[in-house]
Amino acid sequence: MRAGWSETERNMSESLKFHFDVNGSSFTSAGQASVQVKKSLRELGIPAEAIRRVSIAMYEGEINMVIHAHGGEADVIVYEDRIKIVLNDHGPGIPNIELAMKEGYSTAPDNIRSLGFGAGMGLPNMKRYTDEMTIETEIGKGTCITMWVNF
Amino acid sequence: MTVKELSELSGFSPVCLPEPEREIEGCYCGDLLSWVMGRASSGQAWITIMSNINIIAVATLCDTSVIILSEDVALDDGVLGTAEARGVNVLSTALPTYEAAKELSALI
Ligand SMILES: Nc1ncnc2c1ncn2[C@@H]1O[C@H](COP(=O)(O)OP(=O)(O)O)[C@@H](O)[C@H]1O
Ligand SMILES: [Mg+2]
C-alpha cells in the first residue's frame, strides 16, 4: 500500500478524481492545473517518475489547449496502479493528426514562439511520456486527448 | 553547493530565494520550454534567457533547484511574486549561458 494514501481515502472510492478548467485567455494561469496535480500526486505517495511523466504530459496538453484551442478542461483520475489524463477542448480540432504528431511541426504564431513555446514538441512529448495516448478530434468541434501512465 | 551559496558569489545575484538551502545537482541549459520540460531533471540548475511566467511552471514541474537568468535578463512583471509563492529560486547573471554553465560546473 502506498504511503500517504490513508485508509479512509482508499475506502471512499476506487479512484481519486481531479477536475480543472483551463483558462484559454491567458498564459498567466497556464500550467496551474499541472502544478496542482503534481502536488496532489506527491501527497498521495505516487512514485516520482510517474508524477514527472504525468505532469509533463499534462503541462504540454494544457499549453496546447491555451495556444491552439481557447482553453478547455482537464481531468485526472488516479487508479491503483495507473493514472488517466483526459484533456477536452472545443477548439478548431486537428486536421492532420499524423502531421501534428511530427517533432517540430507547429502552427503556433510568432508571439507564442517568442515565449519559448511552439517548438512542435508538445504532442510528441505527450506520447513519449505516457504509456498510451489517443486523440479524438473533429474539425470545428474540438479535440479530446486521453493519456495513461502506468506505475 | 546550495543556491544561497551560489547567490553570494560574484557574478551571480539573487532575484528571489524562497528555498535558499536547496542543493544544486547538475545543470541544464535551454530556452525552448517543451524541450526543457522533457529533459531538465530534479535538482539541476536551469540556465535560460526566458523570463516569462511560464518558466515558473516549468521549473516547478521539473523540480529544478534554481532558475539562472543569463545575459542580465530581468523577470517580467508579476513573475517574481509567482516564483516566491511557488517556492522557485531565481538568480541572475550578466554572463551568457555558456559562460554561466562553465562557471557553475567549476563550482559544483
Ligand atoms: N488541442 C489542440 N487543438 C487544435 N490543434 C492542436 C491542439 N493541440 C495541438 N494542435 C496542433 O498540433 C500542432 C502540434 O502540437 P505540438 O506538438 O504541441 O506543438 P506546438 O504546440 O509547439 O505547436 C500544433 O501546432 C497545432 O497545430
Ligand atoms: Mg504544444
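Since we're looking at a predicted model, the values are computed, not measured. Residue numbers start from 1 in every chain, and the chains themselves are labelled A, B, ... in the order their sequence lines are given, proteins ahead of strands.
Proximity of A:D131 to A:R53: side-chain heavy atoms (C-beta onward) are separated by under 4.5 Å at one or more points. You'll find the side chain of A:K84 stays beyond 4.5 Å of the side chain of A:V76, heavy atoms only.
Taking B:D63, B:D31, B:V79 one by one and counting their heavy-atom pairs under 4.5 Å with chain A, the maximum is reached by B:D63.
Proximity to chain B (any heavy atom under 4.5 Å) is restricted, for A:R128, to the side chain, taken from C-beta onward. Of the atoms belonging to B:M37, heavy atoms from both backbone and side chain fall under 4.5 Å from chain A. Contacts of B:I53 with chain A are made by side-chain atoms alone, with heavy-atom separations under 4.5 Å and no backbone atom involved. With a threshold of 4.5 angstrom between heavy atoms, B:N52 approaches chain A through side-chain atoms but not through N, CA, C or O.
A distance-only check finds a donor-acceptor pair linking the side chain of B:N89 to the backbone of B:S65 [under 3.5 Å].
No hydrogens or angles considered: a donor-acceptor pair under 3.5 Å links the side chains of B:S34 and A:E60.
Aromatic ring centres of B:W35 and B:Y28 lie farther apart than the 6.0 Å criterion allows.
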